[in-house]
Structures are given as structure tokens and as C-alpha cells.
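To start, the structure itself, in C-alpha cells.
Labels below follow one simple rule: chain letters A, B, ... track the order of the sequence lines, proteins then strands, and each chain is numbered from 1.
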There are 2 protein chains.
Amino acid sequence: MTQKRSELVQGTLDLLILKVVALEPLHGYGIAQRIQAVSKDVLLVQQGSLYPALHRLERKGFLKPEWRESGNGPMAKVYSVTPEGRKQLKEEVEHWQRYAGAVALVLEA
Amino acid sequence: MTQKRSELVQGTLDLLILKVVALEPLHGYGIAQRIQAVSKDVLLVQQGSLYPALHRLERKGFLKPEWRESGNGPMAKVYSVTPEGRKQLKEEVEHWQRYAGAVALVLEA
DNA sequence: CATACTAGATAGGCTCTCTAGGTATGACGC
DNA sequence: GCGTCATACCTAGAGAGCCTATCTAGTATG
């Protein structure tokens, strides 16, 4: 899983993380892989972006961590989404769709 | 034209500016109004975001300014898109569509 | 024993946006 | 004549978020 340049648009990383973790609890490394896989290699999450984002979301109470055996190597910090996190996810999805729709309006003008 | 909170997603302002100016040369103040109007009040460009962005785009050679009478008040600095700017716009549009498509994939998962 | 993959993390820098101010012109009401 | 508003330009400083680079450490493979 080679890490290349990704150029994530600022503000969307939290949304992406909350979404994939809401579907299934995952550890950080797995979150990055999942986002990359589902987006067909378009979205590449750097570790230096990922871990600060996870700590941010944890600090805000949107994610809850739990240490577990990963089975293949070091211990894994598995995150699940809290109820507040699901609420936040809902809001961020709506904001994104509203925003992307507005940008589309301008591009179609 | 009341200015409210906008929460522009970082990295998209240059794209929006290039797009509206490519359709028709405009001065800064008019660019903000045009973006707001076309996006149906979803995208609100603050002046403190707008003018630095214009200077950035001018410095990079994507926009070319020209002072003109505005007709209603102070002089207007009317921008047009250079050939390099059009090339840049094309790339940014493609990047945005690729990006938005990838985010949509994750949100639909 | 070196390499690669997994899994976590931090430091420093950089870019971009926002808040909050400032300057100046012309039109309108009083 | 004066205040107010809309127009039109601009900057400084702060904060947020992403990236590059680097580090640690366990496990597996050749």
C-alpha cells in the first residue's frame, strides 16, 4: 500500500474518517487503507494527517478508542463512533453535499 | 449584500474565482457577489479571503488586472484570466471532480 | 541480519481562510 | 453641508489543518 501525494481538501478528512468508522470500528492504519480502497486510490491519507485527526476527533468526543491485539504485529487502537460522533457525521455529510452542490452550480454556470 | 459565515473549504476558492472570471472579466468585489449569487447564497467569500487569493493568482500569472472606472464609486481593478490561468482552471476543475467523486464513493459505501 | 509490513506517534513548516480593522469615492436623504 | 450607505480596495494577525520527515517497535521473510 504505497503512500503517494494525496492533496486532501482541508476539512474533509474528519468526514471521511467518521464515515468509514461508523460502518465498522477500525484502527488508524486500517482507516487509511479503507479510505484509499473505497475511493479507488484517489484519497490517500498520510499518517501525519491521520493521527492528528484521530486525536482531534477523540478529544471532541466523536470517537472512542480501545486497545486490542491486531493479530499481525503491534497493538491496535480500535476506534468506534460515539452517539455525538454520529450526529456530527450527519451534519458533516449534509454540509459536504450542500457545499459540493454549490460548487457544481458555479462550475456549470 | 450581507456577509455571513461561509466556511469555504480550503483549496476551492482559487477554482471558484478562476471559473467566474473565465466567463467574464470582473473586479474583486463583483467576483464575490457573482459566486454568492450563482451558488444561491451557499458560498460566501469574505473580503479577507478574496483579496489575498486574487493577489496570489495574479502573482502566479493566472489573472491579469486592469484598472477601470467602476461607474458607481471608487476605481475598479478588473481581472481577466490569462492563458496559463485557463490551463490551471482546467486542471483544478478536473481535480475537484475527481476528488468530489471519490468522496461520494466513500459516503455511499 | 536485513528488509518489509504493520501500527502507533510527534515536530515543524506551510498554505489558506477568517476576524477585524482601515482607506476612499459617490449617491441619497435631510 | 453632513451623515449614512453601498461600492471598492487592502492588510495584519491568528488559527486550523495537511504534509514532510522522522521516530519507535513488533512480526514475518529471505
Side-chain angles (χ1 to χ4, degrees), chain A residues 1-18 25-37 43-60 62-63 65-79 92 95 99, chain B residues 1-18 25-37 43-60 62-63 65-79 92 95-96 99 103:
Chain A
M1 194 78 55
T2 319
Q3 295 283 356
K4 292 174 207 163
R5 189 146 313 175
S6 66
E7 293 167 38
L8 276 184
V9 172
Q10 290 206 209
T12 55
L13 182 54
D14 291 9
L15 166 65
L16 296 169
I17 291 174
L18 284 173
L26 285 167
H27 58 276
Y29 197 81
I31 291 170
Q33 290 179 320
R34 182 67 54 89
I35 291 175
Q36 181 168 351
L43 306 173
L44 309 179
V45 182
Q46 311 298 326
Q47 297 196 345
S49 313
L50 174 68
Y51 290 108
L54 289 173
H55 300 158
R56 194 161 65 227
L57 292 169
E58 184 184 339
R59 195 176 60 244
K60 290 180 181 170
F62 299 149
L63 289 183
E66 185 188 353
W67 285 98
R68 286 192 208 156
E69 298 278 351
S70 75
N72 46 350
M75 294 287 284
K77 199 170 172 183
V78 175
Y79 289 94
E92 292 206 16
H95 178 260
Y99 192 90
Chain B
M1 192 75 56
T2 320
Q3 294 283 355
K4 294 175 205 161
R5 189 146 311 173
S6 67
E7 295 170 33
L8 275 183
V9 172
Q10 291 206 205
T12 55
L13 181 54
D14 291 10
L15 167 66
L16 296 169
I17 291 175
L18 285 173
L26 286 167
H27 58 275
Y29 197 81
I31 291 170
Q33 289 180 321
R34 182 66 55 89
I35 290 175
Q36 181 169 350
L43 306 173
L44 308 178
V45 183
Q46 311 299 326
Q47 297 196 347
S49 313
L50 174 68
Y51 289 108
L54 289 173
H55 300 157
R56 194 162 63 228
L57 292 169
E58 184 184 339
R59 196 175 60 244
K60 289 180 181 170
F62 299 149
L63 289 183
E66 183 187 355
W67 285 98
R68 287 192 207 156
E69 299 277 352
S70 75
N72 46 351
M75 294 287 285
K77 198 170 173 183
V78 176
Y79 290 95
E92 291 205 18
H95 178 259
W96 169 260
Y99 192 90
V103 172

Rounding to a whole Å, what distance do you find between [X]:[atom1] and [N]:[atom2]?
| X | N | atom1 | atom2 | result |
| --- | --- | --- | --- | --- |
| A/Ile31 | C/dT6 | CD1 | P | 16 Å |
| A/Leu26 | C/dT6 | CG | P | 14 Å |
| B/Glu66 | D/dC9 | CD | C1' | 17 Å |
| A/Ile35 | D/dC18 | CD1 | P | 11 Å |
| A/Leu8 | D/dT20 | CG | P | 11 Å |
| A/Leu44 | D/dC19 | CG | P | 9 Å |
| B/His27 | C/dT25 | NE2 | P | 17 Å |
| B/Tyr29 | D/dC9 | OH | P | 9 Å |

Problem - Close side-chain approach of A/Ile17 and A/Leu63, heavy atoms under 4.5 Å - result: yes
Exercise for the section: Would you mind reporting whether B/Met75 and B/Arg68 have side-chain heavy atoms less than 4.5 Å apart? Expected result: no
Handout entry: Minimum-distance pair of heavy atoms, taken over all atoms of B/Leu44 and B/Leu8
Key = O-CG, 4.3 Å
Handout entry: For the student: nearest non-hydrogen atoms of B/Val9 and A/Gln10, plus distance
Key = CG1-O, 3.4 Å
Could you state the interatomic distance from [atom1] ([X]) to [atom2] ([Y]), rounded to the nearest 0.5 Å?
| X | Y | atom1 | atom2 | answer |
| --- | --- | --- | --- | --- |
| A/His27 | A/Gln33 | NE2 | CD | 6.5 Å |
| B/Leu16 | B/Ile35 | CG | CD1 | 5.0 Å |
| A/Ser70 | A/Tyr29 | OG | OH | 11.0 Å |
| A/Leu18 | A/Glu92 | CG | CD | 6.0 Å |

Using nucleotides 26-30 of chain D, report all nitrogen or oxygen pairs with the protein that are shorter than 3.5 Å.
none

Dump the pairs, protein N or O against N or O of nucleotides 13-16 of chain C, anything under 3.5 Å, distances to one decimal.
unit_1	atom_1	unit_2	atom_2	d
C/dC16	O4'	B/Gln10	NE2	3.3
C/dC16	O2	B/Gln10	OE1	3.4

Practice task
Ignoring backbone atoms, test whether A/Ser70 places a side-chain nitrogen or oxygen under 4.0 Å from the OP1 or OP2 oxygen of C/dA7.
Solution key: yes
Exercise for the section: Note the angle between the end axes of the helix from C/dC1-D/dG30 to C/dC30-D/dG1, five pairs defining each, rounded to 10 degrees. Expected result: 10°
Practice task
Verify whether one side chain among A/Thr12 and B/Tyr99 offers a donor that lies under 3.5 Å from an acceptor in the other.
Solution key: yes
Handout entry: Closest to the A/Gln33 side chain, choosing from C/dT6, D/dT7, D/dC18
Key = C/dT6
Show me the side-chain donor-acceptor pairs of residues 49-60 of chain B shorter than 3.5 Å, one per line, residues at least two apart or across chains.
unit_1	atom_1	unit_2	atom_2	d
B/His55	ND1	B/Tyr51	O	3.3
B/Arg56	NH2	B/Asp14	OD1	2.9

Every protein N/O lying under 3.5 Å from an N/O of nucleotides 10-14 of chain D:
unit_1	atom_1	unit_2	atom_2	d
D/dC10	OP1	B/Lys77	NZ	2.9
D/dC10	OP2	B/His55	NE2	3.3
D/dC10	N4	B/Gln47	OE1	3.2
D/dT11	OP2	B/His55	ND1	3.3

